[in-house]
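Notes follow once the structure below has been shown.
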Amino acid sequence: MTVLTHTGALKKKAENGDRRPQEAVRAIGGVLDAPQLPASRLSNVPARPLSVEAVMDLAGEILWPESGHEQPLEIDGVDAHRAQEYSLLAMLLSRSPDATTLKRIVKLRGDATPLGLAHLALAQAAATASAERVAREYFTLFIGVGRGELLPYGSYYLTGFLNERPLARLREDLRAHGIERAEGQVEPEDHAATLCEIMAGMASGQFPIPDIMQRRFFEKHLVPWIGRFFVDLERAEAAEFYRPVGSLGRLFVETETEAFMLPPRAEARNHREET
């Protein structure tokens with residue numbers, strides 16, 4: 001998968017920046033334990049490469065924390081849960097999970113919310129899956145002989161072809177945010193896993209992007225197509241383990257879309273004061 005580099009050109013979020021209300025993504029809370037993000041992995045260091053492999057390490061620490069971690073980066077619980085979900089999706093879309101990862105996914109918890117039930121369904125699928133069978137499923141879905149059943153690229157979903165104008169616009173915006181593909185990497189940045197990786201980096205603070213810019217990035221580069229991709233993954237003929245992955249992705253994108261439509265926390269506070 002793509003390796004991304006943050007150039008460090010952007011400033012940190014302002015302390016009084018526009019953050020979305022916690023109520024906006026309450027469905028995420030209570031499903032997974034609030035993560036303790038290691039500062040060593042998420043500190044603002046210039047030109048730090050972030051690959052999907054790194055996201056897999058991060059997701060493991062977020063979803064199944066162990067003792068002995070360094071002090072976490074200070075982000076609120078809402079963004080921590082968002083980083084969880086995006087990291088989990090990036091991990092599962094970038095490669096098939098091995099046996100150890102499947103055992104960890106079995107430990108996912110849920111509640112009665114649609115998103116919570118999606119976590120439980122994924123945990124159940126992991127409990128009955130084998131790494132070998134899931135690897136074959138992943139190959140059939142995303143690689144194939146010639147091509148996989150699905151092509152998880154924004155350009156394909158928006159134009160019917162790979163490497164088209166949507167990818168060019170994405171690269172322009174990534175450069176504007178100080179994020180670029182590392183030299184030698186060939187996977188297009190509009191892969192669904194890479195976009196989830198980018199959103200995880202934004203939510204966690206790895207990429208210090210103001211919330212309003214996160215919203216614009218999400219609405220421009222994910223909303224037009226990634227929901228349809230997750231629906232296709234749910235319905236794919238070869239999907240078994242990955243069917244609940246599609247459901248989880250679809251529901252989470254719906255939650256994010258609704259949350260981004262709510263006024264930022266500062267705006268909501270000002271409105272209450274005016275009334």
Side-chain angles (χ1 to χ4, degrees), residues 6 10-39 41-44 50 55 58-65 69 71-91 108-120 122 177 195-223 226-227 230 247-272:
H6 183 236
L10 295 178
K11 296 180 179 179
K12 296 181 181 180
K13 287 185 180 179
E15 292 183 358
N16 59 349
D18 49 348
R19 302 185 61 82
R20 292 175 295 144
Q22 184 159 351
E23 292 80 2
V25 285
R26 183 170 292 170
I28 301 176
V31 177
L32 303 175
D33 287 341
Q36 298 296 303
L37 306 185
R41 288 188 180 276
L42 300 178
S43 58
N44 284 328
L50 180 64
V55 169
L58 175 59
E61 294 175 10
I62 290 173
L63 296 171
W64 311 286
H69 287 319
Q71 290 298 315
L73 182 71
E74 292 184 1
I75 61 174
D76 68 20
V78 173
D79 284 339
H81 284 299
R82 294 177 60 230
Q84 278 183 331
E85 300 289 0
Y86 279 121
S87 295
L88 178 61
L89 291 169
M91 175 181 65
L108 285 173
R109 292 171 294 279
D111 55 21
T113 65
L115 200 60
L117 294 174
H119 284 109
L120 292 174
L122 180 57
H177 291 313
L195 287 170
C196 288
E197 171 190 351
I198 293 167
M199 291 301 298
M202 290 181 178
S204 68
Q206 173 66 42
F207 301 146
I209 309 298
D211 286 359
I212 187 63
M213 300 306 294
Q214 287 189 42
R215 172 180 175 173
R216 291 173 182 171
F217 184 92
F218 175 80
E219 292 177 343
K220 183 175 181 180
H221 298 295
L222 281 81
V223 168
I226 203 165
F230 283 124
S247 299
L248 176 62
R250 172 179 57 81
L251 289 166
F252 179 59
V253 168
E254 290 174 359
T255 300
E256 281 278 271
T257 301
E258 293 174 1
F260 274 126
M261 292 175 65
L262 295 176
R265 186 171 299 162
E267 289 184 14
R269 182 173 58 252
N270 293 337
H271 177 73
R272 288 195 300 269

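Bear in mind that the values here come from a model prediction, so they are computed numbers and not experimental data. Basis for what follows: all heavy atoms, side chains included, without hydrogens, waters or symmetry-related copies.
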| query | Under the side-chain contact (heavy atoms from CB on, under 4.5 Å) criterion, do M202 and I198 qualify, and how do the steps go? | reply | CA-CA 6 Å; M202 290 181 178; I198 293 167; 3.8 Å; yes

| request: Begin with the C-alpha distance, continue with both residues' side-chain angles, and end with the deciding distance and a verdict on side-chain contact (heavy atoms from CB on, under 4.5 Å) for L195 and F217. | output: CA-CA 10 Å; L195 287 170; F217 184 92; 4.2 Å; yes

| message | Run the side chain to side chain donor-acceptor pair (under 3.5 Å) test on Q214 and H177 for me, step by step, so that the C-alpha distance in whole Å, both residues' side-chain angles and the decisive distance to 0.1 Å come before the verdict. | response | CA-CA 10 Å; Q214 287 189 42; H177 291 313; over 6 Å; no

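A heavy-atom distance below 4.5 Å is not found between the side chains of L251 and L117. Residues L248 and E85 are in side-chain contact: their nearest non-hydrogen atoms beyond the backbone lie under 4.5 Å apart. Within the 4.5 Å cutoff, the side chain of L108 has heavy atoms near those of the L122 side chain. With contacts defined as side-chain heavy-atom distances shorter than 4.5 Å, the pair V223/F218 qualifies.
Under the 3.5 Å distance criterion, the side-chain polar atoms of R215 are matched with a main-chain donor or acceptor of F260.
Across T257 and M261, no two heavy atoms sit closer than the pair O-CG, 3.2 Å. Looking at every heavy atom in both residues, H119 comes nearest to R109 through CB-O, 3.5 Å. Heavy atoms only, all atoms of each residue included: G201 and S204 are closest at O-OG, 3.3 Å.
How far CE of M199 is from OG of S87: 11.5 Å, rounded to the nearest 0.5 Å. Separating the CD1 atom in I226 from the CZ atom in R250 is a distance of 13.5 Å, to the nearest 0.5 Å. Here NE2 of H221 is found 12.0 Å from CZ of R216. Values are rounded to the nearest 0.5 Å. Between the CD atom of E254 and the CG atom of L115 there is a distance of 10.0 Å, given to the nearest 0.5 Å.
A distance below 6.0 Å separates the ring centres of Y86 and F252.
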